[in-house]
S.K.: 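First, the structure itself, so that you have it in front of you.
Owing to the predicted nature of the structure, the values given are computational and were not obtained by experimental measurement.
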There are 2 protein chains.
Amino acid sequence: MEAPAYQRIAATFRGRIATGVLRPGDQLPTEHDLADQFGVARQTVRAGLGVLVGEGLIVARRPRGYFVREREHMVYRPQEKSRPRPAVPEMDRFSEQIAATGRTPSYSIEVALIEAGADLAERLRLDPSATVVARRRVRYINGEPTNINDSHFPIDLVRDSEIMLPAYLARGTDRVLAELGYAQHRAIDEIFVRMPTPDEVHRLGLGPGTPVAVHFDTGYTESGRPVQCAVNVLPGDRHRIVFERHWS
Amino acid sequence: MEAPAYQRIAATFRGRIATGVLRPGDQLPTEHDLADQFGVARQTVRAGLGVLVGEGLIVARRPRGYFVREREHMVYRPQEKSRPRPAVPEMDRFSEQIAATGRTPSYSIEVALIEAGADLAERLRLDPSATVVARRRVRYINGEPTNINDSHFPIDLVRDSEIMLPAYLARGTDRVLAELGYAQHRAIDEIFVRMPTPDEVHRLGLGPGTPVAVHFDTGYTESGRPVQCAVNVLPGDRHRIVFERHWS
DNA sequence: TAGTGGTCTAGACCACAGG
DNA sequence: CTGTGGTCTAGACCACTAT
């Protein structure tokens, strides 16, 4: 009735991390040493540590060894998007927030024309084969990729506008959309939790065992027409999503 | 410059799932067959499939084989909590929502006195060693565990109240709290994303590769005093979190 | 260059549930 | 009973990077 050896190894270090015997940044013994200590083959040790890597508790830094993972959360507030701003802001909201903490924000921006597909078609009330403008950005803090923000617009709305240019827009796309006559008055936020795709792992430099939150932000005009759908991919080890509610 | 064999195997089936060649519920070839097809050892096949299990794309059902995972999301609306309800509701909100879709909701309830600890202490503005009442529930749909809802209260507020009894409360703890003079007027929702603890895996019957969203709901009275902090653990493969915003 | 983790093999035995 | 996945071993070679 005993647990398999690799699970005992995992449980041992999971416990040491939970109780603080091992703290973030601390190094674990090498696979070789653990094989000796537990009297098992190295592959068995690897299976055990693999469990903890999958749980996001430790990371392998070759050829240094295994380390207890350190995490730092930035606050992510979807509601900020619908709060008033100065008419001519110096920076977009993300840059503002990061710069306020003394760090350096930056972007990579890319604009593409794509087929809507099922997810976007449903939210923007288009045909799945309709063309949408995808404004794809990766946001960086101090050069480290932090999250993905892909905004999508029906092409009829934004043709020939600034939104089509892969350049930084200090006042934000929402403002541009409003100037085009599509001011948003209502939005729906949907959050899914899943493991990242290989593409997301690549774009965000994610380690194994890092789940992501996918935040769909669909904006509607006063007449109820959806004009914008943003897909934000937030690595779980870097974000804390915050909402605020008031009773009515 | 070729990818390792186990990654090619993972990529092969990841692709077939993404493109719909393999659909949810479909079975994969056996480890033995794949070892033959790819000309590698069975352990190598296991490493490849292990990647996909970790990504939550497939599940192993011994001794049947590997299957493409099926997922179904229930809608989770934190904002509902601050919407008005009938004075004497027949069921709590969760049961109402589930029963409305023709399924059967149920609960397991357990009440414990615990030390607050760092997370709760910070949110309830207590000392980490202070005692709080933990009302721990697992919510089931058709007998399947669906999510965890652990509500916490400073003991001074709820001593001798119904909240201390491990019994179903149709009108909900928020109402009881209001009757005790601690009506909530404001709440903060925080959402974290991470891999589940072994305890959560056990309580929720989670498969490998299933991340969870942890939703902290902290409620405040009109005077700004925190009176309640609920920790909801939502398996990523079963939930879609939805908020709604209106421009002000 | 030494030592780390990353990959792979070719066996083996086991527990479990379906036919 | 048969075949599945689950676990384990004792080797081997490789790629990478800190020193």
S.K.: Let me know, please, whether Arg46(B) or Thr30(B) comes out on the 5' side of the other along DNA chain D by nearest nucleotide.
M.R.: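 That would be Thr30(B).
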
S.K.: Is any side-chain heavy atom of Glu115(B) closer than 4.5 Å to one of Ser129(B)?
M.R.: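 A side-chain contact exists here, since the closest heavy-atom pair is under 4.5 Å.
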
S.K.: Please report, rounded to the nearest Å, how far the C1' atom of dA10(C) is from the CD atom of Glu31(B).
M.R.: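 Spelled out: CD on Glu31(B) to C1' on dA10(C) is 15 Å.
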
S.K.: For the residue pair Asn232(A) / Tyr76(A), report whether a side-chain donor-acceptor contact shorter than 3.5 Å exists.
M.R.: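 Judged by distance alone, the side chains do pair up.
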
S.K.: Would you kindly check if the NZ (Lys) or CZ (Arg) of Arg8(B) is within the cone defined by 45 degrees around the ring axis of Phe38(B) and under 6.0 Å from the six-membered ring centre?
M.R.: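 No, cation not above the ring by the 6.0 Å, 45° rule.
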
S.K.: Between C1' on dA2(C) and CZ on Arg64(A), what's the gap in Å once rounded to a whole number?
M.R.: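 Answer to the nearest Å: 15 Å.
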
S.K.: Which of the following nucleotides, dC16(C), dT7(D), dG5(C), is nearest to the side chain of Arg62(B)?
M.R.: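 Nucleotide nearest to Arg62(B)'s side chain: dC16(C).
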
S.K.: What nucleotide, of dT7(C), dG6(C), dT9(C), holds the atom closest to the side chain of Ala41(B)?
M.R.: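 It is dT9(C).
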
S.K.: How close or far is atom P of dT4(C) from atom CD1 of Ile58(A), stated in whole angstroms?
M.R.: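 Going from CD1 in Ile58(A) over to P in dT4(C) covers 16 Å.
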
S.K.: If I take atom OH in residue Tyr6(A) and atom C1' in nucleotide dT9(D), what distance separates them, rounded to the nearest angstrom?
M.R.: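 After rounding, the reported distance stands at 16 Å.
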
S.K.: Report yes if a side-chain nitrogen or oxygen of Gln27(B) is closer than 4.0 Å to either non-bridging phosphate oxygen (OP1 or OP2) of dT4(D); otherwise report no.
M.R.: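 Indeed not, no polar side-chain atom of Gln27(B) lies that close.
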
S.K.: Write down the distance between CZ (Phe38(B)) and C1' (dT9(C)), rounded to a whole number of angstrom.
M.R.: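 Computing the Phe38(B):CZ to dT9(C):C1' distance gives 17 Å.
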
S.K.: Could you tell me whether Arg61(B) contacts a base, only the sugar-phosphate backbone, or nothing, with contacts defined as non-hydrogen atoms closer than 4.0 Å?
M.R.: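 Touches nothing.
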
S.K.: Where the side chain of Gln7(A) is concerned, which of dG6(D), dT7(D), dT4(C) is the nearest nucleotide?
M.R.: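 Given the options dG6(D), dT7(D), dT4(C), the side chain of Gln7(A) is closest to dT7(D).
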
S.K.: I'd like to know if Arg42(A) reaches the base of dG6(C) with its side chain, counting only an N/O donor and acceptor under 3.5 Å.
M.R.: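 Indeed there is one.
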
S.K.: Which nucleotide in the list dG5(C), dT9(D), dT9(C) gets nearest to the side chain of Thr44(A)?
M.R.: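 It is dT9(D).
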
S.K.: Between C1' on dG6(C) and OH on Tyr66(A), what's the gap in Å once rounded to a whole number?
M.R.: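 Checked: the OH to C1' distance equals 8 Å.
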
S.K.: Which part of the nucleic acid, if any, lies within reach of Ala47(A) when heavy atoms closer than 4.0 Å are counted: base, sugar-phosphate only, or nothing?
M.R.: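 If one applies the 4.0 Å heavy-atom cut-off, Ala47(A) turns out to touch nothing in the nucleic acid.
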
S.K.: Ignoring hydrogens and angles, state whether a donor on the side chain of Arg137(B) or Asn149(B) is under 3.5 Å from an acceptor on the partner side chain.
M.R.: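 Checked: Arg137(B)/Asn149(B) side chains pair up, N/O donor to acceptor below 3.5 Å.
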
S.K.: Starting at CZ of Arg8(B) and ending at P of dG6(C), how long is that distance when rounded to a whole Å?
M.R.: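 These atoms are roughly 19 Å apart.
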
S.K.: Would you mind reading off the distance between Leu49(B) atom CG and dT7(C) atom P, rounded to a whole angstrom?
M.R.: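 Roughly 15 Å, once rounded to whole Å.
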
S.K.: Out of dC16(D), dG5(D), dG6(C), which has the shortest distance to the side chain of Pro63(A)?
M.R.: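 Closest of the options to the side chain of Pro63(A): dC16(D).
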
S.K.: I'd like to know whether Glu190(B) forms a salt bridge (Lys or Arg N to Asp or Glu O under 4.0 Å) with Arg123(B), so could you lay out the CA-CA distance, the side-chain angles of the two residues, the decisive distance to 0.1 Å, and finally the verdict.
M.R.: CA-CA 11 Å; Glu190(B) 298 167 89; Arg123(B) 292 179 174 81; 2.7 Å; yes

